[in-house]
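Computed over heavy atoms, backbone and side chain alike; hydrogens, waters and symmetry mates excluded. The sequence lines fix the lettering, A, B, ..., with proteins before strands; numbering per chain opens at 1.
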Number of protein chains: 2
Amino acid sequence: MSSVPGMQTTDVARSDLKYNKSQLCSLCDVRSLGICGALDQTDLLQFERLGRHVHFAAKEALFTVGEPAGYVYNLTAGVVRLYRLLPDGRRQIIGFALPGDFLGTTAFDRYGFSADVIETVAACRVTRDAFSLFSESRPHLLRRINEFASRELMLAYDQMLLLGQRTAKEKVATFLIGWRDRLARIGDTKKTIRLPMSRQDIADFLGLSIETVSRTLTAFEREKMLVIVTGGVRLLDAGRAEALAAV
Amino acid sequence: MSSVPGMQTTDVARSDLKYNKSQLCSLCDVRSLGICGALDQTDLLQFERLGRHVHFAAKEALFTVGEPAGYVYNLTAGVVRLYRLLPDGRRQIIGFALPGDFLGTTAFDRYGFSADVIETVAACRVTRDAFSLFSESRPHLLRRINEFASRELMLAYDQMLLLGQRTAKEKVATFLIGWRDRLARIGDTKKTIRLPMSRQDIADFLGLSIETVSRTLTAFEREKMLVIVTGGVRLLDAGRAEALAAV
DNA sequence: CGAAGGATTGACGCTTCTCAAATAGGGTGG
DNA sequence: CCACCCTATTTGAGAAGCGTCAATCCTTCG
């Protein structure tokens, strides 16, 4: 295991997600996934000096909506929930962040949503000012940032379609398939889909009540579409789930 | 009125929204609202030669999801609905575009949603290639594009919060307030809120059925919050609507 | 003036929510 | 290692909000 000081190796290892063992960008496992994939060897060395590796335990906040956006984060391990609240406490989770995801980029000077930790996080943190300065002169990087923003927008539109039009069963199935595919993209291709977030998180992501999420999952289990295991589900009939999730 | 050839002046004038009377960017009414607000006098002259003024009648499509993204459009008059469909025809409207809005910008080579006309449209159309080339060397413009993308993302998050968490009454009230404020920003500050889109459009925007939208509006009318007039509503108790819409 | 499409209203039903209780799981201290 | 506690999850019963189906009304436009 890594001996990086301050790195909570046991937690992170248990999470079974990739992370940056070395603190060196050139050896970063998630580099190709993230925005840093647009950097060449020279840029990488310079970028390394801008960032600091930081860690957050479960439930800690990376940042909160409305507060001055001082940093951008490049996630290298863990899971983060991104959300907004209504004044009376109703919560809409707008997404879950995984290694390779870039958080806090905005054209404005305040964060547009809150972010807190579901599963122990390691991240490469850069001040927004330094990051702006660094990226300004690198069209390659700017283009990649743009691509990431476009992708986020497309994901947001997908989610609007889901929230506005889909039934509870479709919502849950769509969530499972989407989450499975995201895990696969970061290298987690096991047959059982890990679900580090709580049922309440899933409910707030899908615009359902926690009871409906639970009932829908047990219904899927009765129908032999999946089995619920601790910490996740195992898909038995991926085809049926994909059909329910069809765009 | 203008005598620009091909300009459907009567339709556009009836719409009561601002538009580009002159075909000259320097005289464009919505320039300050749109992306072009980032251009100085010199740039403007060059930009003028890239664009072509085009018009679309109601129900015409500007573009369709998935098709190669050949153009970007800078709306100068009219109203456009932006949407995605599920295979079985369920539709989610992801937004309405007004003069000053920029459509078709994406980091990818295909449109991420469909766009068709609610109310006769005039737009400044530029090929994506020409636009990319033009913007590449203008950091000012790039930054503004970035700001617009960020704003769109924030709007998408607002809408996710609305779709996932709000009740029918809150949805309709939030829509009315948001639409009123957008009309105000383009100079339409009359007391009655024009609603050029159909009830079905509103329903598909809010994730409701058309009947629920209709019932909710009549409920608001019974409660003396507004009066329904042809082509819009007139707010009697804006405070109450704003309270229902509170973020 | 009549036809056609959009909007409203009513009756009814179903999906989903709410409230409440039971169960399971994970962590802690003895 | 086990018992206990705390929290998350599941399950049930009942209610309600919203959707569906269908009829009527209104507006627009030929």
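- Rounding to the nearest 0.5 Å gives a distance of 6.0 Å between CE of A:Met160 and CD1 of B:Ile94.
- Straight-line distance from the CG atom of A:Leu217 to the P atom of D:dT11: 10 Å, rounded to whole Å.
- B:Ser214 has no side-chain polar atom (N or O) that falls below the 4.0 Å cut-off from OP1 or OP2 of C:dT9.
- With respect to the salt-bridge test (charged N to carboxylate O, under 4.0 angstrom), the residues B:Lys169 and B:Glu223 qualify.
- One finds the CD atom of B:Glu67 at 9.0 Å from the CZ atom of B:Arg110 (value rounded to the nearest 0.5 Å).
- Between B:Arg91 and B:Asp201 the shortest side-chain heavy-atom distance falls below 4.5 Å.
- Here the P atom of nucleotide C:dG6 and the CG atom of B:Asp204 are 13 Å apart, to the nearest Å.
- What separates CD1 of A:Ile118 from P of D:dA8 is a distance of 13 Å, to the nearest Å.
- Rounded to whole angstrom, the span from the CD1 atom of B:Ile202 across to the C1' atom of C:dA7 amounts to 11 Å.
- Residues from residues 170-178 of chain A with heavy atoms under 4.0 angstrom of DNA chain D: there are none.
- Looking at heavy atoms from C-beta onward, B:Leu217 lies in side-chain contact with B:Leu176 at the 4.5 angstrom threshold.
- To the nearest 0.5 angstrom, A:Ile93 atom CD1 is 8.5 Å from A:Leu82 atom CG.
- Counting heavy atoms from C-beta on, the side chains of A:Gln159 and A:Phe205 come closer than 4.5 Å.
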| task | Can you check each nucleotide of nucleotides 25-30 of chain D against protein heavy atoms at under 4.0 Å and return B for base, S for sugar-phosphate only, - for none, in 5' to 3' order? | result | ------

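- Note: CD1 (B:Ile228) to C1' (C:dG6) measures 13 Å, nearest angstrom.
- As a whole-Å value, the separation of B:Arg199 CZ from C:dT8 P is 4 Å.
- C:dT16 atom C1' lies 17 Å from atom CG of B:Leu163, rounded to whole Å.
- Note on B:Asp188 versus B:Lys190: salt bridge recorded, some NZ/NE/NH1/NH2 to OD/OE distance being below 4.0 Å.
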Report each atom pair, protein N/O against N/O of nucleotides 14-16 of chain D, whose distance is under 3.5 angstrom.
none

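- Ring to ring, A:Phe102 and A:Tyr73 are not that close: their centroids are 6.0 angstrom or more apart.
- In this structure, CZ in A:Arg84 is found 15.0 Å from CZ in A:Arg90, a value given to the nearest 0.5 Å.
- Two residues are said to be in side-chain contact when any heavy atoms from C-beta on lie closer than 4.5 Å; A:Leu98 and A:Leu75 fail this criterion.
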Between the protein and nucleotides 17-21 of chain D, are there any N/O to N/O pairs under 3.5 Å, and if so, what are the atom names and distances?
unit_1, atom_1, unit_2, atom_2, d
D:dC18, OP1, B:Ala168, N, 3.0
D:dG19, OP1, B:Ser209, N, 3.2
D:dG19, OP2, B:Ser209, N, 3.1
D:dG19, OP2, B:Ser209, OG, 3.1
D:dG19, OP2, B:Thr212, OG1, 2.4
D:dT20, O4, B:Arg215, NH2, 2.7
D:dC21, N4, B:Glu211, OE2, 2.8

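- Aromatic ring pairs are classed by plane angle as parallel below 30°, tilted from 30° to 60° and perpendicular above 60°; the pair B:Phe63 and B:Tyr111 is parallel.
- For the atom pair SG of A:Cys124 and OH of A:Tyr71, the computed distance is 13.0 Å after rounding to the nearest 0.5 Å.
- For the segment residues 88-97 of chain B, the set of residues with a heavy atom within less than 4.0 Å of an atom of DNA chain C is empty.
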What's touching nucleotides 1-7 of chain D from the protein side, N or O pairs under 3.5 Å?
none

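- Counting heavy atoms from C-beta on, the side chains of B:His55 and B:Val121 never come closer than 4.5 Å.
- To the nearest 0.5 Å, atoms OG1 (B:Thr216) and CZ (B:Phe175) are separated by 12.5 Å.
- Side-chain contact check for B:Thr76 versus B:Pro99: every heavy-atom pair is 4.5 Å or farther apart.
- B:Glu221 has its side chain within reach of B:Leu226: a pair of non-hydrogen atoms, C-beta onward, lies under 4.5 Å apart.
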| A:Asp116 and A:Tyr83: CA distance, side-chain angles, deciding distance, side-chain hydrogen bond (donor to acceptor under 3.5 Å, both in side chains) verdict | CA-CA 9 Å; A:Asp116 56 37; A:Tyr83 61 94; 2.8 Å; yes

